[in-house]
Amino acid sequence: MHDLRLVREQMHLLRDGFARRGKLDTLGPILDRLEGLERDRRALITAVEDRKARRNTLTQEVAQKKRAGEDAAAQVADSRSLGEEIARLEADLSATESTVSGLMLELPNITRDEVPAGDESHNALIREWGTPRLDATVRPHWEVAAELGILDLARGAKVSGTGFIVYRGLGAKMVRALINLMLDTHTTTHGYEETWVPLVVNRTSMTGTTQLPKFEDDMYSLHGDDMFLIPTAEVPITNLYRDEMIDAAELPKALTAYSACFRKEAGAAGKDTRGLLRVHEFDKVELVRYAAPDTSLAELELLTGHAEAILKLLELPYRVLLLAAGDTGFGSSKTYDLEVYAPGVGKWLEVSSCSNFGDFQARRMNIRYRQTAGEKPRFVHTLNGSGLALPRIIAALLEHGQQADGSIAIPAALQPYLGTARLG
RNA sequence: GGAGCGAUGGCCGAGAGGCUGAAGGCACCGGUUUGCUAAACCGGCGUACUGGGAAACUGGUACCGAGGGUUCGAAUCCCUCUCGCUCCGCCA
């Protein structure tokens with residue numbers, strides 16, 4: 001959420017930012033409406049408060065007269081009619097305010113200057129690590145996984161539906177092994193506090209991290225309870241400190257959690273649906289950082305590095321993209337995507353998205369800190385990234401590590417967790 | 001699921017329709033004094049919105065868990081909700 005002051009004083013920043021996202025066509029009219037509504041809102045505030053001040057004076061007079069045993073009927077009558085006028089004005093005001101705040105929730109963040117303008121074709125390649133294996137003989141992961149008996153897509157579909165995965169044997173153990181490797185690395189060498197958070201959250205939390213109100217269709221909700229299954233642990237972790245003041249000495253605060261993630265993928269029907277490429281329920285280790293504003297840019301580099309470290313441990317070739325404004329998520333001001341190369345499907349697979357939200361989430365959630373004692377509270381900056389999402393990692397491991405005889409070589413760092421150096 | 005009790009400033013805690021932005025204490029900040037530390041004393045000490053001002057500052061409004069209601073006027077009375085505690089029921 002943006003500061004309403006931007007609408008009043010820095011409208012050009014919003015227009016320019018939305019233009020860079022390619023969203024000015026739809027958002028420009030909203031800005032025009034907001035400009036007028038914000039003027040109305042302040043005029044109504046002035047009108048209401050003026051009448052309240054007059055009423056306060058009158059009620060003081062009533063009190064004095066009553067104490068003195070005098071008649072206060074005139075003041076009571078005036079005060080009553082002011083009260084009626086106040087009620088009318090306040091009804092107007094609250095209608096205006098709810099329209100304004102509803103519209104404000106529709107506005108995405110604006111990206112930082114160094115983020116390229118335009119759609120995803122303007123995403124910038126920042127760096128690459130390792131050598132992608134360009135080998136047409138590598139088979140897709142769903143074929144080898146079925147042969148190895150570690151993936152049972154048919155029964156997953158029977159039990160729940162397509163996009164719900166059943167892992168078996170060493171496949172199931174690989175999920176557990178990867179989670180442990182990731183959490184151990186983040187807590188031990190990267191200094192994150194491990195947390196275990198709810199998979200079901202309320203509407204306020206979903207709004208705080210900007211999944212709502214715009215993306216309700218993408219989420220699973222609980223019948224009759226106004227609760228949602230989380231699409232990422234970002235939601236519960238970042239909401240941990242909602243409506244709190246964080247001690248400046250505790251910044252930056254780094255939290256990690258493993259969680260299952262649930263996504264309807266409503267708009268993506270038919271795309272990348274085979275195997276593990278796009279599923280409705282998956283496992284992920286998430287990284288979240290709360291930072292002071294002046295360090296948040298460096299914090300994003302740090303966090304991205306932590307996610308990359310896992311890919312290096314897994315010896316998977318990857319590349320880092322700086323997303324163009326139009327491809328950057330709703331609440332983010334700057335996002336790096338990490339993609340691994342999966343030779344069996346011949347594609348780069350997104351396995352992590354590392355974002356700096358600036359104060360956009362913190363303003364919705366009211367998460368603040370005081371730089372020095374006695375100073376006014378400021379919003380913290382929030383960041384998060386996957387570290388990492390499992391299904392595509394498993395796909396990449398099964399394809400990148402594939403041997404001529406159909407067996408799979410397991411990277412050294414994962415071997416102690418999985419208990420074997422090879423599958424098949 | 002049912003019953004009872006509770007929620008007041010950074011913290012503790014009074015107040016029970018108007019004289020309360022809210023006693024008192026703690027913490028914090030400034031000062032005086034005592035050769036340091038400490039103590040004592042004096043003063044200060046909330047947030048948000050909105051108007052005026054270049055600014056220091058200043059006018060107004062709101063805020064006693066949240067939202068409604070009663071009333072000329074609500075921290076105070078009524079209703080609903082949220083959360084916490086205690087008890088009952090149920091339960092992995």
Side-chain angles (χ1 to χ4, degrees), chain A residues 1-11 34-105 196-208 212 222-228 236 239-251 253 260 359 362-380:
Chain A
M1 178 123 87
H2 293 291
D3 191 338
L4 239 192
R5 256 187 289 269
L6 283 185
V7 168
R8 263 194 334 252
E9 296 162 10
Q10 310 267 14
M11 190 58 107
L34 272 171
E35 208 163 24
L37 285 165
E38 168 59 6
R39 254 196 308 274
D40 295 347
R41 186 183 72 90
R42 283 188 298 154
L44 285 165
I45 287 172
T46 311
V48 166
E49 292 187 348
D50 166 66
R51 281 149 188 81
K52 282 188 175 174
R54 279 152 59 191
R55 184 178 63 182
N56 286 345
T57 310
L58 284 172
T59 59
Q60 290 306 312
E61 288 173 21
V62 172
Q64 277 168 21
K65 286 191 182 272
K66 294 225 162 160
R67 271 197 297 275
E70 296 169 22
D71 174 53
Q75 283 77 6
V76 167
D78 285 354
S79 180
R80 179 180 287 136
S81 76
L82 270 175
E84 285 161 5
E85 197 180 350
I86 288 166
R88 280 195 302 275
L89 288 166
E90 280 190 328
D92 270 9
L93 177 59
S94 79
T96 305
E97 281 179 335
S98 76
T99 308
V100 166
S101 56
L103 291 174
M104 289 302 285
L105 290 174
W196 188 277
V197 291
L199 305 180
V200 177
V201 299
N202 58 33
R203 182 172 288 274
T204 308
S205 292
M206 279 296 191
T207 306
L212 289 178
L222 270 64
H223 182 70
D225 265 335
D226 207 29
M227 306 272 273
F228 302 87
N239 273 282
L240 287 179
Y241 288 89
R242 171 148 51 78
D243 292 319
E244 290 193 35
M245 292 277 289
I246 298 179
D247 189 339
E250 287 182 46
L251 296 176
K253 189 183 271 297
D359 63 9
R363 180 171 287 106
R364 282 197 186 190
M365 287 184 287
N366 192 30
I367 304 178
R368 298 173 300 166
Y369 78 109
R370 241 187 264 272
Q371 187 106 31
T372 53
E375 193 197 58
K376 280 185 73 136
R378 299 191 221 176
F379 293 115
V380 300

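Keep in mind the model is a prediction, meaning the values are calculated, not measured. Below, chains carry the letters A, B, ... as their sequence lines are ordered, and counting in each starts from 1.
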ask   = Looking at CG of A:D3 and CE of A:M104, how far apart are the two atoms once the value is rounded to the nearest 0.5 Å?
value = 7.5 Å

task = Figure out the CZ/C1' separation between A:R368 and B:G46, and round it to whole Å.
result = 11 Å

message = Please enumerate all residues that pass side-chain hydrogen bond (donor to acceptor under 3.5 Å, both in side chains) together with A:D50, with sequence neighbours excluded.
response = A:R54

request  = Report the base-pairing partner of B:A22 (Watson-Crick or G-U wobble, both distances below 3.5 angstrom), or none.
outcome  = none

message = When you compare the side chains of A:R242 and A:S205, does any donor N or O come within less than 3.5 Å of an acceptor on the partner?
response = yes

message = Checking base pairs now: Watson-Crick or wobble, both atom distances under 3.5 Å. What partners B:G9?
response = none

request  = Can you tell me the distance, in whole Å, between the CG atom of A:N202 and the P atom of B:U82?
outcome  = 12 Å

task = Could you please name the partner base of B:A48, counting Watson-Crick and G-U wobble pairs only when both distances are under 3.5 Å?
result = B:U61

Length of the CZ-C1' vector between A:R242 and B:C83, whole Å = 13 Å

ask   = Of all heavy-atom pairs between A:S79 and A:L58, which one has the smallest distance, and what is that distance?
value = N-CD1, 3.7 Å

message = For the P atoms, the ones on B:C11 and on B:G46, what distance do you get once it is rounded to whole angstrom?
response = 15 Å

Side chain to side chain, A:L212 and A:F228, heavy atoms closer than 4.5 Å = yes

message = Please give the distance between the C1' atoms of B:G24 and B:C77 as a whole number of Å.
response = 27 Å

inquiry  = Please name the nucleotide paired to B:A3 by Watson-Crick or G-U wobble geometry with both distances under 3.5 Å, or report none.
reply    = B:U86

key: Contact state string [nucleotides 55-70 of chain B, B base, S sugar-phosphate only, - no protein heavy atom under 4.0 Å]   = -----BBS--------

Integer angstrom distance from the P of B:U47 to that of B:A56 = 15 Å

request  = Answer yes or no: does a side-chain N or O of A:R42 lie under 4.0 Å from OP1 or OP2 of B:G51?
outcome  = yes

key: Rounded distance (Å) that lies between atom P of B:C72 and atom CD of A:E84   = 10 Å

query = Nearest-Å distance, CD1 (A:I86) to P (B:U71)?
reply = 15 Å

query = Separation of A:R363 atom CZ from B:C49 atom C1', in whole Å?
reply = 15 Å

task = In plain terms, say whether A:E90 and A:R51 are close enough for a salt bridge, that is, a side-chain N and a carboxylate O under 4.0 Å apart.
result = no

message = What is the distance, to the nearest angstrom, from the CZ atom on A:R39 to the C1' atom on B:U50?
response = 17 Å

task = For B:A14 and B:C64, measure between their C1' atoms and round to the nearest Å.
result = 12 Å

Span that lies between the C1' atom of B:G13 and that of B:A38, in whole angstrom = 28 Å

inquiry  = Could you identify the nucleotide paired to B:A66, looking across every strand shown and requiring Watson-Crick or G-U wobble geometry with both distances under 3.5 Å?
reply    = B:U80

query = In Watson-Crick or G-U wobble terms, both distances under 3.5 Å, what is the partner of B:C29?
reply = B:G43

query = Is there side-chain contact between A:H2 and A:V7, with at least one heavy-atom pair below 4.5 Å?
reply = no

Pairwise side-chain contact, A:V201 with A:N239, heavy-atom cut-off 4.5 Å (strictly under) = no

query = Across all strands, who's sitting opposite B:U37 as a Watson-Crick or G-U wobble pair, both distances under 3.5 Å?
reply = none

query = Taking the P atom of each, how far is B:A40 from B:A27, in whole Å?
reply = 9 Å

query = Reckon A:R8 touches a base, only the sugar-phosphate, or nothing at all at heavy-atom distances under 4.0 Å?
reply = sugar-phosphate

query = Can you tell me the Watson-Crick or wobble partner of B:A55, both distances under 3.5 angstrom?
reply = none

task = Show your working on salt bridge (Lys or Arg N to Asp or Glu O under 4.0 Å) between A:E38 and A:R41 and close with a plain yes or no.
result = CA-CA 5 Å; A:E38 168 59 6; A:R41 186 183 72 90; 2.8 Å; yes

task = Rounded to the nearest angstrom, tell me the gap between atom CD in A:E38 and atom C1' in B:U50.
result = 11 Å

task = For B:A48 and B:G10, measure between their P atoms and round to the nearest Å.
result = 11 Å

ask   = Taking for each residue the nucleotide of RNA chain B with the nearest heavy atom, is it A:A63 or A:T46 whose nucleotide lies nearer the 5' end?
value = A:A63

ask   = When you compare B:G17 with B:G73, how far apart are their C1' atoms, in angstrom units rounded to a whole number?
value = 8 Å

